[in-house]
2 protein chains.
Amino acid sequence: MGVSSRSAVAIHALTMLARWDDKSLTSAEIADSLASNPVLVRRILGSLRDAGLVWATEGRNGGWSLARPATQITLRDAYTAVEAGPVLSRHPHPPSDACEVGRNMQDLLDAEFRDAERALEERLSRTTIAHLVRQVLANERAAARRNH
Amino acid sequence: MGVSSRSAVAIHALTMLARWDDKSLTSAEIADSLASNPVLVRRILGSLRDAGLVWATEGRNGGWSLARPATQITLRDAYTAVEAGPVLSRHPHPPSDACEVGRNMQDLLDAEFRDAERALEERLSRTTIAHLVRQVLANERAAARRNH
DNA sequence: CAAACTGTAAGCGCCACGGTTGCAGTATCT
DNA sequence: AGATACTGCAACCGTGGCGCTTACAGTTTG
């Protein structure tokens, strides 16, 4: 296991919004694609809205749209918007102060883990939603070509 | 949250074994430093043993020792030994096959997430247990100097 | 007013987690 | 031999977060 699947849902939703960016999509439409529930989608899109990545119009014919071009939204943006805590958990309790190692490990480990998490986020920041849309369309074209 | 705290415990234990590598340490001693439980420590050290990082002698005066020099054990070794699944969770369910995005996202996301996880592990592999021991000793020397 | 949306709060069952108890096996010490 | 001090392992518990659902208030359009 590990981090929640909210990032996956967020990236999925953003990719859909980018794929059909001429119209807005409802949480029900996105939930259908995810084989999930509209409320769950709204919760996650709510986090993305708070992060300034998407916006919603309420009422009938309402729905969700990207707040900026898909070329300017990275996977890291989605990840940090929906994921709270650190990836790598630290000590459950503070270690013993009486131990030479114990009284130093927490800070040392924190520095190492932060660097590692930074490396993960840095890699995520190298892929944009636009890139994923391009790959989806390319895959679809290839699949259509195979069906002749 | 995120990944379990087993990595933190494993690295803590390895650092202790490396710090006092002239003798073997019991699970109780390590548990004391962690303010935790000997059984929990044994569970995690058991994984490290299966990964070939440490070994134990049973019976009275038994205990744990490193299986190879601390310069040749990285944080990645500890991490992969105790942590099972992927860091970043994928879709809870397979998405809908009827959606153009849905039927492509899983593979695309998996590739991206694997790359990101690889980046995290790569960073962890750059720090050895010996390096942590060196920092602990340096911190202790600095603290002793301040107490004059 | 009815319909179709978003937005929230509350609750559900599930599962992994850290932690604990209990006990069998094994080596050492007296 | 018998007490002692370890590892090893299985079973269990309480907690918390997860994905998911229901219910309902608010908002805009037909």
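Below, chain A is the first sequence line, B the second, and so on; all start at residue 1.
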Over how many whole Å does the gap from [X] atom [atom1] to [N] atom [atom2] extend?
X: A:Arg60; N: C:dC5; atom1: CZ; atom2: C1'; value: 9 Å
X: A:Leu88; N: C:dC17; atom1: CG; atom2: P; value: 14 Å
X: A:His93; N: C:dG18; atom1: NE2; atom2: C1'; value: 7 Å
X: B:Arg43; N: C:dT20; atom1: CZ; atom2: P; value: 11 Å
X: B:Ile44; N: D:dC9; atom1: CD1; atom2: C1'; value: 15 Å
X: B:Trp64; N: C:dT26; atom1: CH2; atom2: C1'; value: 14 Å
X: A:Asp50; N: C:dG7; atom1: CG; atom2: C1'; value: 11 Å
X: B:Leu45; N: D:dC6; atom1: CG; atom2: C1'; value: 13 Å

Where each residue is assigned the nucleotide of DNA chain C containing its nearest heavy atom, which of A:Leu25 and B:Asn37 is assigned the position nearer the 5′ end?
A:Leu25

Base D:dG17 paired with A:Arg6 side chain (donor-acceptor, <3.5 Å)
no

Measure distances between side-chain N and O atoms of B:Arg42 and base N and O atoms of D:dG8, and say whether any donor-acceptor pair falls under 3.5 Å.
yes

Does a nitrogen or oxygen in the side chain of A:Ser27 sit under 4.0 Å from OP1 or OP2 of C:dT6?
yes

Under 3.5 Å, side chain of A:Asp115 to main-chain N/O of A:Glu112, donor-acceptor pair present?
no

Where the side chain of B:Arg6 meets the backbone of B:Val82, is there a donor-acceptor pair that is under 3.5 Å apart?
yes

Which nucleotide in the set C:dG7, C:dT20, D:dG19 lies at the smallest distance from any side-chain heavy atom of B:Val39?
C:dT20

Report the nucleotide, chosen from C:dC5, C:dG18, C:dG7, that has the shortest atom-to-atom distance to any side-chain atom of B:Leu40.
C:dG18

Closer than 4.0 angstrom, basic N to acidic O: yes or no for A:Glu122 and A:Arg118?
no

Is the shortest distance from a Lys or Arg side-chain nitrogen in B:Glu117 or B:Arg90 to a carboxylate oxygen in the other one below 4.0 Å?
yes

